[in-house]
Amino acid sequence: MPTHSPSQPLLTSSMEGIEHRTVRVNGINMHVAEKGEGPTILFLHGFPELWYTWRHQIHAFASLGYHCVAPDLRGYGDTEAPLFASSYTCFHVVGDLVALIDSMGGDAVYLVAHDWGAMIGWYLCMFRPEKVKAYACISVPYRPRHPKMKPIETMKTFFGEDYYMCRFQEVGVMEDEIKGHETAEVLKKILMDKTPGPPCLPKTDPFGLRALDGPLPLPSWLSEDDIKYNVDKFDQTGFTGALNYYRALDLNWELTAAWTGAQVNLPVIYVVGDEDMVYTTPGLKEYVHGGGFKKDVPLLQDIVVMEGVGHFLNQEKPQESTAIIHDFIKKF
């Protein structure tokens, strides 16, 4: 039996076996993490995350015979970050993904996406359905375009000016507020928060961190190494790229007028935690369960609500969420 040398520590990292490369897509350099061989699953992360949010799924699906591909989206991590919000429209980001898929041969992929990644996933399915076999959507359902009201105006009307997407609009303001804290504490607060929606960030102590006696304790599903990986990347890049997605919301609305009333005609499963602030935002459950979602997404196969789980269910309940996704995609 081979012996283990102390000079070669065992690889127990979340990174084990995951390869990293840079792909030129749509005029920018995109960092991609990947593992495994077989049909491709494209994983799209949300805010404030990186490819790393999919570490559990990458290992699990690679072992099940899939080629797992998880990019850092533009503005995040080791992918280039154009300066202005006008470079973060749905067309820019979907363009990045189509180029990435084409760089791998162009065959349709299984799509698994969460949070902002899920919103981009809906645009990819709408604009280029031939690139997607089936879509496992986590947390954020399809949101049909309102023909008369821009998103930010609508959010202010319904949820007030402190609603987080409204607070993210002014360039530099939220960046400065985040700089007033340790990046680790801000990320932990966002990742762990299960306050029922809609999420609001008051102008005084937006993250509720100043009242704390010390660092936030980590839940069982997050390690110090997990936080450190994310902190290191966001300390390098800052948050402007990530926040620019929110700053392009009204521009997306203007650009997608031609898709008003469009349906998404691909097989979809929707998975959400019952303590997710998106799911607990007023009006969301009525849309998801009341027939509106199925009308907009006629091939919606299933809606799975995971009990006792928050927004980041792919990390909080990795085995359960992976099993749900696998049971779905193996049908197609």
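Put simply, CZ on F328 and CG on D302 are 9.0 Å apart, with the number rounded to the nearest 0.5 Å. Taking OG1 of T204 as the reference point, atom CG of D162 lies at 8.5 Å (rounded to 0.5 Å). One finds the CG atom of L73 at 12.0 Å from the NE2 atom of H31 (value rounded to the nearest 0.5 Å). If you take CD1 on I138 and CG on L313, they are separated by 5.0 Å, rounding to the nearest 0.5 Å.
Although no hydrogens or angles enter the test, the distance criterion places no donor-acceptor pair under 3.5 Å between the side chain of E161 and the main chain of K156. Within the 3.5 Å criterion, the main-chain N or O of A118 finds a donor-acceptor partner in the side chain of Y135. For R247 (side chain) and F168 (main-chain N/O), a donor-acceptor pair under 3.5 Å exists by modelled atom type. W259 places no side-chain N or O within donor-acceptor distance of the main-chain N or O of Y123, the cut-off being under 3.5 Å. Judged purely by atom type and a 3.5 angstrom limit, D225 has no side-chain atom pairing as donor or acceptor with the backbone of Y229. The backbone N or O of E275 sits nowhere less than 3.5 Å from a side-chain atom of T280 that would complete a donor-acceptor pair. A side-chain donor-acceptor contact under 3.5 Å links T260 to the backbone of A257. A distance-only check finds no donor-acceptor pair linking the side chain of D72 to the backbone of L50 [under 3.5 Å]. A donor-acceptor contact shorter than 3.5 Å is absent between the side chain of K35 and the backbone of A62. A donor-acceptor pair is defined here as one N or O able to donate and one able to accept, closer than 3.5 Å; such a pair exists between the side chain of D226 and the backbone of S223.
No side-chain heavy atom of K233 sits under 4.5 Å from any side-chain heavy atom of Y52. P82 places a side-chain heavy atom less than 4.5 Å from the side chain of R74.
Partner of V25 under the side-chain contact (heavy atoms from CB on, under 4.5 Å) criterion, chosen from N29, V23, T22: V23. A side-chain contact (heavy atoms from CB on, under 4.5 Å) with F312 holds for exactly one of D193, I190, D276; it is I190. Looking at Y245, W116, Y246 one by one, the single match for ring pair (Phe, Tyr, Trp, His ring centres under 6.0 Å) with F47 turns out to be Y246.
Between E177 and K179 there is no salt bridge, since no side-chain nitrogen of the basic residue lies less than 4.0 Å from a carboxylate oxygen of the acidic one. Between E80 and R24 a salt bridge is recorded (basic side-chain N to carboxylate O distance below 4.0 Å). A salt bridge does not link R143 to D296: none of the charged nitrogens lies less than 4.0 Å from a carboxylate oxygen. At a threshold of 4.0 Å, the pair K228-D232 counts as salt-bridged, since one of the basic side-chain nitrogens sits closer than that to a carboxylate oxygen.
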After noting the C-alpha distance and the side-chain angles of Y76 and W51, does the key distance pass the side chain to side chain contact (heavy atoms under 4.5 Å, CB included) rule? CA-CA 9 Å; Y76 283 91; W51 74 268; over 6 Å; no
Yes or no on side-chain hydrogen bond (donor to acceptor under 3.5 Å, both in side chains) for S139 and H114, after CA distance, side-chain angles and deciding distance? CA-CA 6 Å; S139 179; H114 170 254; 4.6 Å; no
Carefully, step by step, assess T53 and N314 under the rule side-chain hydrogen bond (donor to acceptor under 3.5 Å, both in side chains). CA-CA 8 Å; T53 188; N314 57 305; 3.0 Å; yes
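Other residues, nucleotides and ligands contribute more than 12 heavy atoms inside 6.0 Å of the CD atom of E153. Heavy-atom neighbours of E320 CD from other residues, nucleotides or ligands within 6.0 Å: above the threshold of 12.
Heavy-atom minimum distance, T89 versus H92: OG1-ND1, 2.7 Å. Of all heavy-atom pairs spanning N252 and C90, the tightest one is OD1-N, 2.7 Å.
Annotation: F293 is in aromatic contact with Y270 [ring centroid separation under 6.0 Å]. Taking the centre of each ring, Y279 and H289 come in below the 6.0 Å mark.
For the 3.5 Å distance criterion, the side chains of D107 and T40 fail to qualify, holding no donor opposite an acceptor. Checking E34 against H67 by side-chain atom types alone, a donor-acceptor pair falls below 3.5 Å.
Ring planes of F61 and F43: tilted class, angle from 30 to 60°.
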